[in-house]
Amino acid sequence: MPGFGNVVQAQHYQRMKNEKKLPVSVERWEQQARLKLEDGPFWYVAGGAGAGDTMKANLESFQRWSITPRMFNDVDTRDMSVTILGQTFPYPLLLAPIGVQSIVHDDAEIASAKAAAEMNVPFITSSASSRSMEDIAKAIGDKPKWFQLYWGKDEDVTASMLKRAEQAGYSAIVITLDTQMLSWREEDLENAYLPFLQAEGIANYLSDPAFRSKLKKSPEEDVMGAVQYFLRIFSNASLTWKDLAFIREHTQLPIVLKGILHPGDAELAMYHGANGIIVSNHGGRQVSGAISALDALTEVSQVTQGRIPLLMDSGIRRGSDILKALALGASAVLIGRPYIYGLAVSGQKGVEEVIRNLLADFDLTMALSGKKSVSEIDRSLLTYR
Ligand code: FNR
């Protein structure tokens with residue numbers, strides 16, 4: 001039976017000339033998204049911290065590693081599956097938590113969540129989603145889903161969201177550590193664009209009983225009052241490692257820490273009982289001039305040594321990027337902007353197409369490198385130059 005990548009590739013080649021053509025490369029999805037979106041939303045997605053140095057570094061670091069393919073290895077039948085936190089997923093790919101998806105498409109997270117479920121890729125719902133975590137969970141059904149928490153100043157809201165996530169059927173809590181505040185984002189400042197100010201991306205707050213109980217008037221009566229309270233509590237720059245005990249007290253779910261870059265922080269994460277780590281610099285959106293996520297991964301994986309699942313995002317664009325991240329110690333990777341461009345251009349169908357193409361590219365790259373399963377991919381495939 002032909003492999004996943006071969007099938008998708010054949011479908012592309014056999015496409016009727018008059019069929020509506022969707023982009024294949026991420027760069028072309030981005031160009032088409034640019035044509036659809038106003039400056040504000042487009043740059044909110046495509047921009048980064050400062051002048052975008054970290055974003056560029058994320059992409060460039062993949063170029064410094066080369067794959068040396070191996071031959072005569074029988075790669076006819078392949079297996080892309082991985083097991084993370086006791087769950088087996090068919091592919092080493094998850095959709096990263098991305099907030100305020102309503103700014104690029106009216107169907108927002110519902111469309112991307114359905115696409116993820118359709119493609120059998122886990123979806124990570126953001127705290128800052130445009131639709132409630134319950135509605136998104138419903139769209140995903142019984143397919144895998146994690147919830148990402150922005151850990152803010154109001155403990156009641158934090159505890160309530162953790163409880164809701166558990167009740168809605170999410171199977172892990174991702175805590176994003178790198179957003180104690182928003183960074184200096186030049187494009188967004190130039191465009192005076194922050195969607196939360198227009199009450200976009202706060203559905204989880206508006207629907208939260210603890211959040212609502214803190215407001216003088218309900219959000220239906222006074223949405224700007226709700227926005228003000230959201231802005232006050234959204235992040236908490238005073239948290240430290242010992243505070244993690246609070247999360248542990250309020251959830252039975254595995255805790256995955258997102259935004260780790262320093263090997264010392266990976267040590268601390270393990271010491272404080274994290275069940276997984278996502279090496280990430282938030283797609284270059286927080287610290288300009290930061291270490292690339294791939295470089296950080298090589299250092300962090302020395303520390304974790306396979307003892308806890310190590311995921312990675314920030315800069316994954318192609319199958320070869322996935323292969324390199326896995327070879328350098330990642331158990332799986334996440335994509336952010338690529339699927340948001342798919343959503344902007346073609347809604348659910350666009351997200352599915354982005355996922356399908358990326359997985360096909362990965363499958364073919366894995367095979368052509370002489371490997372037939374993710375478990376066979378290791379550091380010996382790569383050379384640093
Ligand atoms: C993000 N990211 C993010 N992360 C998170 O933990 N919670 C969130 O709500 C968001 N929101 C968000 C919005 C937008 C528009 C972008 C582009 C990113 C970061 C995201 O999860 C992921 O770390 C990066 O997007 C990965 O990098 P790439 O794939 O975009 O290069």
Side-chain angles (χ1 to χ4, degrees), residues 26-27 29-30 33 37 40-49 52 54-62 93-105 108-109 112 122-131 133 136 146-152 161 172-180 182-183 185 187-188 193-196 200-205 230 234-235 256-261 277-287 290 292-294 296-297 311-318 321-322 325 330 332-344 354-355 358:
V26 176
E27 292 76 16
W29 281 105
E30 180 174 346
L37 301 174
F42 177 76
W43 287 109
Y44 184 76
V45 175
T54 306
M55 233 167 33
K56 286 177 216 138
N58 282 340
L59 302 182
E60 281 163 11
S61 60
F62 283 96
L93 179 71
L94 298 86
L95 294 196
I98 301 266
V100 280
Q101 296 188 19
S102 56
I103 66 172
V104 307
H105 196 282
E109 289 84 3
S112 10
F123 186 79
I124 310 180
T125 295
S126 161
S127 297
S129 51
S130 306
R131 304 294 170 82
M133 65 174 102
I136 299 170
W146 295 359
F147 178 72
Q148 174 264 326
L149 178 75
Y150 276 132
W151 186 354
M161 287 214 191
I173 299 292
V174 173
I175 303 190
T176 298
L177 304 182
D178 57 19
T179 313
Q180 312 92 315
L182 279 189
S183 71
R185 296 180 183 170
E187 283 97 356
D188 295 348
Y193 188 78
L194 187 64
F196 307 108
E200 301 256 16
I202 61 172
N204 285 320
Y205 298 83
F230 163 80
F234 170 68
S235 57
V256 179
L257 299 182
K258 175 171 182 278
I260 300 280
L261 294 168
I277 286 176
I278 303 177
V279 171
S280 166
N281 56 30
H282 213 107
R285 293 163 69 78
Q286 286 297 86
V287 177
S292 76
L294 192 70
L297 173 69
L311 292 89
M312 179 268 182
D313 75 23
S314 301
I316 297 287
R317 298 292 178 269
R318 298 206 147 69
D321 299 337
I322 302 181
V333 300
L334 286 55
I335 48 166
R337 293 183 187 86
Y339 88 82
I340 296 299
Y341 296 137
L343 176 66
V354 167
I355 297 171
L358 183 60

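In listed order, ligands and their atoms are each counted from 1.
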Need the list: ligand 1 N/O atoms against protein N/O atoms, distance under 3.5 Å, rounded to one decimal.
residue, atom, partner, partner atom, Å
ligand 1, 2 (N), Pro97, O, 3.4
ligand 1, 2 (N), His282, NE2, 3.3
ligand 1, 4 (N), Pro97, O, 3.2
ligand 1, 4 (N), Lys258, NZ, 3.0
ligand 1, 4 (N), His282, NE2, 3.4
ligand 1, 6 (O), Thr176, OG1, 2.7
ligand 1, 6 (O), Lys258, NZ, 3.1
ligand 1, 7 (N), Gln148, OE1, 3.0
ligand 1, 7 (N), Tyr150, OH, 2.9
ligand 1, 9 (O), Gly99, N, 3.3
ligand 1, 9 (O), Ser126, OG, 2.7
ligand 1, 9 (O), Tyr150, OH, 3.4
ligand 1, 11 (N), Gly99, N, 3.1
ligand 1, 21 (O), Pro97, O, 2.7
ligand 1, 21 (O), Lys258, NZ, 3.0
ligand 1, 23 (O), Lys258, NZ, 3.1
ligand 1, 23 (O), Ser280, OG, 3.4
ligand 1, 23 (O), Asp313, OD1, 3.1
ligand 1, 23 (O), Asp313, OD2, 2.8
ligand 1, 29 (O), Arg317, NH1, 3.3
ligand 1, 29 (O), Gly336, N, 2.9
ligand 1, 30 (O), Arg337, N, 2.9
ligand 1, 30 (O), Arg337, NH1, 3.1
ligand 1, 31 (O), Gly315, N, 3.0
ligand 1, 31 (O), Arg317, NH1, 3.2
ligand 1, 31 (O), Arg317, NH2, 2.8
ligand 1, 31 (O), Arg337, NH1, 3.4

Flag, side chain of Asn204 to backbone of Ser127, donor-acceptor distance under 3.5 Å
yes
So do Arg337 and Trp29 actually touch side chain to side chain, heavy atoms under 4.5 Å? no
Between side-chain atoms of residues 96-103 and protein atoms elsewhere (two or more places apart, or another chain), which donor-acceptor pairs fall under 3.5 Å?
residue, atom, partner, partner atom, Å
Gln101, OE1, Ser112, OG, 2.5
Gln101, NE2, Ile98, O, 3.1
Gln101, NE2, Tyr339, OH, 3.0
Ser102, OG, Ser130, OG, 2.8
Ser102, OG, Glu200, OE1, 2.5

Hey, is Glu27 close enough to Arg318 for a salt bridge, meaning N to O under 4.0 Å? yes
Check: When you measure from the side chain of Asp313 to the backbone N and O of Ser280, does any donor-acceptor pair fall under 3.5 Å?
Finding: no
* Could you check if a side-chain atom of Leu59 sits within less than 4.5 angstrom of a side-chain atom of Arg317, using non-hydrogen atoms only? => yes
